[in-house]
Structures are given as structure tokens and as C-alpha cells.
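What follows is a set of notes on a single structure, which appears directly below.
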Amino acid sequence: MLGNEFERLLLLGLLIVPISGQAQSEFQQGTMAFREARYLQALEAFLQAEQKGDSSPTLTYNTALTYYKLERYDAAAESFERLLKEPEWRDLARFHLGLVAEKQGNNTRAVGFYRSVEQQARSAKLRNLADSRLKKWEAAERAAAEPRQPADRFSALFNVATGTDDNAFGLQDDTQLDSSAGEDSYQEYFGWGQYYLSGSVSDGWRVHGFAYNRRYADFGSLDVGAYSLGLSRHQQYRVWQAEFGFSVVSTSLDGDDLTDQNKAIIRFQRPFNATWISLAYMPSRHNGGAGFSHLDGWQHVAHARWRVPVEVVSFDLEYRWEHNDRDDLAGTDEFFSYSPTRHSLGVGLDWHVSTGWEISLGADYRISDYDGTNRLTDSDGVIKEKTREADRLRLQFKTQWQISPNLRFGGRLEVTDNQENFDTYSYDKREMSLMVEYLL
């Protein structure tokens, strides 16, 4: 972080800007109070000036600085954000939004603002200050790579949701041969945790796991559960942060064992200017439970993600490749393939509307081609024999509010359109849910 003395000189130096002749006396009183470190009085005077009609960028800027000194970072951010619309003030506002983001612990957002100032600001002084902040942030990141103290080694998340699904059976078309459309409500529970046995994310070992359960009000045959436990080794390789691990995942359907999965985890990620790149490969072996032996076999997944933070918005671009080699399901006159090769492309946007409120938009398109030649009686009663192909489009809207540092509340709407060359597998669905989330 900036040293206290340097920060004080920077803020005071930037506060002394020319003001118009129409500035209210309250404005001048506020400026004097600020210089004397009487910040509450300064804020009161600035707000009175605003009430009397002073809407100048100068007043907005000084009010934002006062909020900052009072450690009211939410209000400071909102005031600085208003200056982004003013070309002459935009660079200064971006720099201070970076300072606010640091105070709030959002280093990714801070770096985005500093990077834009460093690359675009007209003022050489501001460019140098932004460069200094970036170098200090990088040094802080290296310091953060030191082994954590035991009190910081554990973290966890708990999520409870309730929602409705207008086509619940569409969720299970890979395991339900007689699926049909049906609307139902559900309760959803999710918990995740990790503990660093030694070191930290830059050089250490951790155990991690999750538990998930979805229970439907009417269609209990679709109740799903999943449990996982894993071990990972984290290590830094120059600019790349690497993870090598292994996990065991057990899934159930209506209380019966569906599959047991043994999965390897290979993941690399690195910063690139103000963006992040993540690459992963996860091969796994599935063993189906009683009645699900057709799911036995291998699954290979490769995933790439590029995250680009730009001030109050972050963009995501993702690609996922999946290949399955399962035993499939063969009958006397029918054959069902459970071995798809899939390609998925997704885009996402996270918008930091204000401190504590975030909106997320996402879309992904997936194509699937199944091995073998399916032979089955389609929904029209006709026996068909051909290679199964599928196209799925999924749209998602999410919003969440940070009620406290540990508590979040949110809502989600997800719409899915799955079209296949066998009509019995095609479906449309819409899910809506509300959730409460607690972080440790």
C-alpha cells in the first residue's frame, strides 16, 4: 500500500485545484476544513454546496476525496465513478478508483484502473504514479506468496438456494431413457472448503472438497448428490502458477450410486498485463453404479479461460473440450451412445454496478457428436438409426448483493435450448432461483 505520508501529500496536492468564481462559500469552508483534517465538517460543507446547486466536477472530486479520508469507500467509489464521464477528470478518477479498490481488497480491479492510467493518461505525473502503484502491487503479490499463517490456511463457502425448473427431466437426459417434461421446485445445497497443509497458493499443498445436493419437491427420482475430496500441489514456474492434483468424486441419483470418478487435475494460470489466462487438463475414470455400467469409461476435459478486467467490468472468454469413451448401452434391438465429444465456447460479463452489487451475464454454445450409431424408437414412435448430434445454447443472468464481508444474497435466471437429431433428446428449459451464500 502507499505509505501514509506519500498518500497524504498526493491527496492534498490533488485537492488544490482551481475552482470557478461561482463556487459556493460552503465549498471554500469544506476545502479549509479538509486541509485541517476536519473531514466530517468538510463533508457536511461539500454536501451543502451540492444541495445549493453546485454540480461541478471540482465539488464531486473533493467530496470523493473526503469520503476516502473518512474510509467510506463505497461512497468514494460512487463519487469518483461519476467523474468518468468527464474527459478532463477521467484519468484522475481512474487513479483514485484504483486506490479505493486497493482499500477494499480488490487488487484485480485496482490493477485494471492503474493499467488504464499508465497507458492512456495525458499527465506524465499520473502515468508515473500509476506505474509506481503497479510495481508496489507486484511486490505485494510476491510478498503474499510467502507461506500463510495457520489462521489463514482454511477457507470455505456455503450456499443455499431455492428455485423452480420448468422442465426438470431435461436435466437428466443422459440417464433417464423415459424422460418427459415436467415443472418442479427444488432446494439446492452446496458447500466447498480447502485447507493448506503447508505453504500457500504459490508453493504449497492443500486438501479441498465439496458437497452438493439438489432435492425436488415432486420428482424425487431426479434428486442429485455429489461429493468430492482432493489433494493438490501448488507451485510457481516463472510467470505461471501451476496446480497438480487428484480428486475423487462420487455422484448419486435418487439416493443410488450413479458414478465414482477418479480425476487428475493439471492447471496453469498467469497474469498478462492486466488480464488473466488459465489453462487446465483433467482426465478422469468413471465407474458406474448398479444399473449404470454403461457410464463406465474415460473422460478427458481441457479448458481455457481468458479474463479481462476493464475498470468496473470484467470480460471472460472460455473454451472447453470434452471427450468421452464410455461402455455405452446396448440392447437386443437398440443402442444408446454415452460417449460424446463436445466443444463449448462461452462469453461472460461481470459488471460491478456499485460497491456490494454485481451483475453477471453469460452465454455458452456447445456442440456434441456421439460415437457409434444410435438405434432407438424416437418420440414419434419411429425406429431411427444414425449418429447422435446435439447443439445446446444456454443463457444466464445473475445478480448478487454483498450484505456483509461474509454474507451474499443473489438471484439467477438460466435458459437452455438443446436441439438434437433425435427429438426425444431435444428440450427447452428455464430455471430461476434465489440464493444465500456465506464465506469463511
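Side chains are part of it too, since the values below use all heavy atoms of this structure and drop only hydrogens, waters and symmetry mates. These figures come from a predicted structure and were not determined experimentally.
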Side chains of [X] and [Y] in contact at under 4.5 Å (non-hydrogen atoms):
X: Thr164; Y: Tyr186; value: no
X: His323; Y: Gln299; value: no
X: Ser354; Y: Glu78; value: yes
X: Arg430; Y: Leu413; value: yes
X: Thr424; Y: Leu376; value: yes

If you count heavy atoms of other groups shown closer than 6.0 angstrom to [atom1] of [X], is the number above 12?
X: Trp192; atom1: CH2; result: yes
X: Glu385; atom1: CD; result: yes
X: Trp351; atom1: CH2; result: no

Would you call [X] and [Y] a salt bridge, taking side-chain N to carboxylate O under 4.0 Å as the test?
X: Lys135; Y: Asp131; answer: yes
X: Glu334; Y: Arg375; answer: no
X: Arg233; Y: Glu243; answer: no
X: Asp166; Y: Lys429; answer: no
X: Asp296; Y: Arg285; answer: no
X: Arg214; Y: Glu431; answer: yes
X: Asp350; Y: Arg307; answer: yes

Tell me whether the centres of the aromatic rings in Tyr67 and Tyr73 are closer together than 6.0 Å. no
Check: Tyr61 ring centroid to His96 ring centroid under 6.0 Å: yes
Looking only at heavy atoms, what is the nearest atom pair of [X] and [Y], with distance?
X: Phe292; Y: Asp257; value: CD1-O, 3.6 Å
X: Gly225; Y: Asn213; value: CA-ND2, 4.0 Å
X: Tyr39; Y: Leu70; value: CB-CD2, 3.5 Å
X: Trp240; Y: Gln236; value: O-NE2, 3.4 Å
X: Tyr216; Y: Asp223; value: N-OD1, 2.8 Å
X: Phe219; Y: Asp184; value: N-OD2, 2.9 Å

Evaluate Gln194 against Arg206 for side-chain hydrogen bond (donor to acceptor under 3.5 Å, both in side chains), listing each step before the verdict. CA-CA 7 Å; Gln194 67 176 11; Arg206 72 180 175 109; 2.8 Å; yes
Any residue meeting ring pair (Phe, Tyr, Trp, His ring centres under 6.0 Å) with Phe268, in chain and number order, not counting sequence neighbours: Phe244
Option passing salt bridge (charged side-chain N to carboxylate O under 4.0 Å, His left out) with Glu437 (candidates Arg408, Arg412, Lys398): Arg408
Among Glu102, Glu358, Glu81, the one residue meeting salt bridge (charged side-chain N to carboxylate O under 4.0 Å, His left out) with Arg109: Glu81
Across all chains, not counting sequence neighbours, the side-chain hydrogen bond (donor to acceptor under 3.5 Å, both in side chains) partners of Arg320 are Glu322
Can you see whether Tyr196 has Arg153 sitting over its ring - NZ or CZ less than 6.0 Å from the centre and within 45° of the normal? no
Please walk me through it: do Asn418 and Asp428 pass side-chain contact (heavy atoms from CB on, under 4.5 Å)? CA-CA 6 Å; Asn418 188 74; Asp428 297 314; over 6 Å; no
Working to the nearest 0.5 angstrom, can you tell me the gap between [X] [atom1] and [Y] [atom2]?
X: Tyr212; Y: Ser252; atom1: OH; atom2: OG; result: 11.0 Å
X: Leu345; Y: Asp364; atom1: CG; atom2: CG; result: 8.5 Å
X: Arg90; Y: Gln120; atom1: CZ; atom2: CD; result: 9.0 Å

Could you give me the CA-CA distance, side-chain angles and deciding distance for Val249 and Tyr227, then say whether side-chain contact (heavy atoms from CB on, under 4.5 Å) is met? CA-CA 6 Å; Val249 184; Tyr227 311 91; over 6 Å; no
With sequence neighbours left out, what residues match Arg305 under salt bridge (Lys or Arg N to Asp or Glu O under 4.0 Å)? Asp316
Specify whether Phe422 and Tyr425 have parallel, tilted or perpendicular ring planes, treating 30° as the upper limit for parallel and 60° as the lower limit for perpendicular. perpendicular
Step by step, work out the side-chain contact (heavy atoms from CB on, under 4.5 Å) result for Asp328 and Ser339. CA-CA 7 Å; Asp328 302 325; Ser339 301; 2.9 Å; yes
